[in-house]
Amino acid sequence: MNPEDKPKSPAQSPAQPSGEASAGNLPKAYDPSIIERRWAEYWIRERLFEVTTPATEAGAPHLGVPGELARRGEHLASEMWDEDSNRVPSRPTGGPREAAKRRVNAFTLLLPPPNVTGRLHMGHMLNQTEMDILTRWHRMSGQTSLWVPGTDHAGIATQMMVERQLTTEGTNRKALGREAFTARVWEWKSQYGSAITGQMRRLGASVDWSREYFTMDDRLSIAVKEAFVRLYEQGLIYRGSYIVNWDPIQQTAVSDLEVTHEDRLGKLYHIRYPFADGTGSIVVATTRPETMLGDTAVAVNPNDERYTAFIGKLVSLPLSGVNNGPNREIPILVDDWAQPEFGTGAVKVTPAHDPNDFAIGQRHSLASITILDTEARIDLPGSPYHGLDRFAAREKIVADLEAADLLVAVKDHNLAIALSQRTGAVIEPRLSLQWFLAVNEPPTKPGAPSMEQRDMGGAERPSIAQTAIAAVRDGHIKFTPEMYRKIYMEWMTNIHDWCISRQLWWGHRIPAWHCAACHAITVARQTPAACTTCGSAAITQETDVLDTWFSSGLLPFTVFGWPGTESSSTNNQQPATNNLTPDLAAFYPTSLLVTGFDILFFWVARMIMLGTHFMLDVPMPDGSPRTLADAVPFKEVYIHALVRDAERQKMSKTKGNVIDPIEIIECFGTDAVRFTLASMASPGTDIAFSEARTEGNRAFANKIWNAARFLFMNLDRAREAGYKVDLGAPTLLAELPDETPLETRWIFARLSAVSAEVERALSDYRFDEAANAIYQFFWGEFCDWYLELVKLRLVFDVPQNAVTAVTLASLTGVFESALRLLSPFMPFLTEEIWHALYNGAPPAKSIALTRYPQACDFPANALSVAAMETMQELITTIRALRKELGVPEKDATPIVLYAGARVIALADAHSDMLARLCRVSAVEIAPEPLTGNNARSTSSFDVAVIYERQIDVPAERERLSKDLAKYEKGLAAAERQLGNEAFMAKAPAHIVEGLRKQAAETRTLHDKTKAALDALPPSNQ
Ligand SMILES: [Zn+2]
């Protein structure tokens, strides 16, 4: 951060977005489309959410104070409620030198990088709303809050996008060649790749755009290469033949996680394999007869007596001859995998095209014959099936078997067919040479860095999987909802080696070179000139690229500069140093990851594996070794729910119920959409997104807008009357002056309680409870009650009076605080009004840089709350009575009140409230309980409205009779329950107490109603 970027004093406030509102001229109508675009641009232009890299002392791994924290200190000091520093527990104290010694109090999170090919959907909208609320909340709570955005290069998805483009141009990837194709993808990326981040910018996500990365950036690519080379040096990366899920359309291996299964009706073919010696035959069953061309054995179960006599015999494999030669001969062997109940109990073994057969092949040292090429065509030169597509080959083979009388039966068979998630192609298991990360092996080679052995309780460094298990088992990473911890542990415990190679052109190309002379592999950080084994210059680089999850699994530390500058050394033989970069020192481990369940294994688990593995080698800022607790990539994982449609249906293109977040935002505004999502978001609960609800939240925004206009109008009147309205110095809060009216004492107490509730709710990821608490406060208590009551106090006659002054200051202060409370949820609306409130001279560049309201910021007096609640009950009761009695709105009426001394004193002291809110002209105190038909009773008072009118006696009789019947029923039920000995013996004391109290109250109401009924004049009057 440049010195010039330091905040200016309010007098030289930074340039505001043009056309911003001021106290006097907040536009009449709330129009989110205008204000949202303007503020989104302003936040980016003013670089408000950027967090600078902490400064270091002469390269030592000590921390400076990040620029933002320093800036924030100034903002905080100039804030309204911040006179008393005791109220700011999180605020740094002491000089900069002191601060430098402490670890940065940071809240850090990574945006799960969307695919560069992506467009924003409602899932993103929810996940980004949640992240933005948390980031803004932590930022306003005094933490250096860093949210790092970026995009993923998305290997397959991006390559497919460009290949489709090429198809329309009548060419293809292969015709172009690797280099030209890759250039085309970069071109595509520069043209379309910022679509999704452009949408995010518009949504006002408070990410640090200066740190935006792309997973193929040079800096990150170096880190990816470094990680690969180190793992290779540690003996954890190997190349091996393996059965992979092969996508014949994309011609690449895809992971188990990228395969979906669909139930389809297929066929089970029973095929006769004749014995080579001509003495008989054995019948095998298969769903993929074309793979028989690659069979190298037939397996039977050792306990299957039908076949005991055949074990060790050879069969002549039908149709397997090439160039009109003889059929191959393969053995019958025993293996537990053959199930006597399945098919015929005898299975053909094709090690190169089935994962289970591959395992059988390993157990029995069978040959693996690959008979399908990368596009799933038969690859068996000299065979009549050579070159046929797999499905065409199947038909021809079945026909030929039938002709040779070798097809015994064809049966319908339900099978779960494996499909590629990306292309929909039927997956063809295929033996191929891939690169693997050994997650269950300890690092073996010398040079594998040491770690704190005692941390893991073994003499040997544990495997990557063991470390990742320990990180969660020992509580260094917390999952919300908690059930995902168990899912993670189960998956991690059964994990296999990770196939990290992909046969694509778009991605991080594996830094390995094959030697044509000696066939050795050279793995290097820099392109080598010659083979390290034999010195031959005839080396070519591996064509495979790394799985995108390999690079994104490194992000939590590579975005902060790992492995440090010195490691891009040209020395291939030395492992790079483990520099603690200033960013790593300040921001690693990150605080939180917010993501969806669908990438729990793809990404979350892999970040934990790679994060702990590499970061354990990076020392702590004080030079001490890092423990597992500080090696994890994040301290907490919050798995968010799904957004469904209003009928709780999953959104899908086929159903046509997909909601485009941008369309809905254009309709209701970003703030309303955010608030809707937040008000329904809680751990483990899917969201039924409804437009009606969003419309309701837009009305909420409008209500606040109108409240602001009311306030501004009164501020104008106050200034005209010579009142001093100082937004910057509310000294009244230390102790409210004696003349402070009840409703002001009450609203401060409520603001304090709501601040505490929001703090609690957000700490528990209860976005719904936080949003609803603010909604109830702002709409119900502030707008509906407080604004009505302050109209009594805002009297701008001369001479000036103290009550008006204190009310004006309080009203402004409470409103400003409520805006700050709401700000993380509705950042645009609150920013607009907050700037208008300060009339162009705000104490900070943004409301987002002010302090989040804390319970202790406001005086909270329990007596005032109780008193106000009684007044509210009295007012609502009188209003209801007036309505029932048909009193015209404008008519003032006297009331009669029967109550204890406290309520009578309250009513007496606040007769102005009663006059204003329910048109009470006089209060008469009754000596005994009120029973008339114009009276109502509550547990703390009886009240009657004196109003002469023609009573509709039959209607009133009917109403009272109905009430009486209801109370009688209630009493009978209560007596039944209280008389039930079995129930009473078991029920907890507080339940019994509650029942008794309820029964007593019902009895009182019953008696009063009975009296009212008796008091009615005869009906014929
Ligand atoms: Zn060589």
Side-chain angles (χ1 to χ4, degrees), residues 155 174 177-182 216 218 221-244 246 251-253 351-352 358 361-362 365 367-370 373-374 379 381 430-439 441-449 464 497-547 550-551 554 563 566-577 614:
K174 283 179 181 152
R178 185 165 189 145
E179 208 172 310
F181 178 78
T182 311
M216 291 275 284
D218 286 348
S221 297
I222 289 169
V224 168
K225 206 186 282 181
E226 176 65 31
F228 180 92
V229 174
R230 270 198 216 187
L231 289 166
Y232 185 81
E233 288 168 350
Q234 292 167 359
L236 294 176
I237 283 181
Y238 64 91
R239 201 165 177 242
S241 282
Y242 205 76
I243 286 281
V244 293
W246 188 263
Q251 298 182 39
T252 182
F358 180 73
Q362 298 285 90
S365 305
S368 297
I369 305 175
T370 297
D373 68 11
T374 56
D379 183 17
R430 183 166 201 275
L431 190 66
S432 67
L433 213 47
Q434 302 285 344
W435 295 83
F436 289 88
L437 178 63
V439 294
E441 299 293 327
T444 51
K445 294 270 172 68
I464 287 179
D497 285 353
W498 172 14
C499 174
I500 51 171
S501 49
R502 293 289 181 271
Q503 290 67 48
L504 300 174
W505 284 357
W506 176 241
H508 297 106
R509 193 165 174 179
I510 290 177
W513 285 260
H514 302 279
C515 175
C518 76
H519 304 291
I521 290 173
T522 303
V523 167
R525 293 177 174 81
Q526 305 289 330
T527 304
C531 167
T532 47
T533 305
C534 74
S536 162
I539 52 170
T540 48
Q541 189 173 358
E542 169 64 53
T543 53
D544 287 0
V545 297
L546 287 164
D547 180 10
F550 184 86
S551 48
L554 304 168
E566 285 164 47
S567 64
S568 53
S569 89
T570 49
N571 186 341
N572 279 327
Q573 306 312 313
Q574 291 290 321
T577 54
F614 285 105

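One-based numbering along the sequence shown. First listed ligand is number 1; within each ligand, the first listed atom is number 1.
- Looking at Thr522, its side chain does come within 3.5 Å of a backbone N or O of Thr532 through a donor-acceptor pair.
- At distances below 3.5 Å, at least one donor-acceptor pair connects side-chain atoms of Arg178 with backbone N or O atoms of Thr543.
- Listed by chain and residue number, nothing satisfies the ring pair (Phe, Tyr, Trp, His ring centres under 6.0 Å) test with Trp246 (two or more places apart in sequence, or in another chain).
- By the criterion of a separation under 2.8 Å, the protein N/O/S atoms near the Zn ion (ligand 1) amount to Cys515 SG, Cys518 SG, Cys531 SG, Cys534 SG.
- Residues satisfying the ring pair (Phe, Tyr, Trp, His ring centres under 6.0 Å) test with Phe181, not counting sequence neighbours, are Trp505.
- For the atom pair CD1 of Ile500 and OG of Ser551, the computed distance is 11.0 Å after rounding to the nearest 0.5 Å.
- For Arg239, the salt bridge (Lys or Arg N to Asp or Glu O under 4.0 Å) partners two or more places apart in sequence, or in a different chain, are Glu542.
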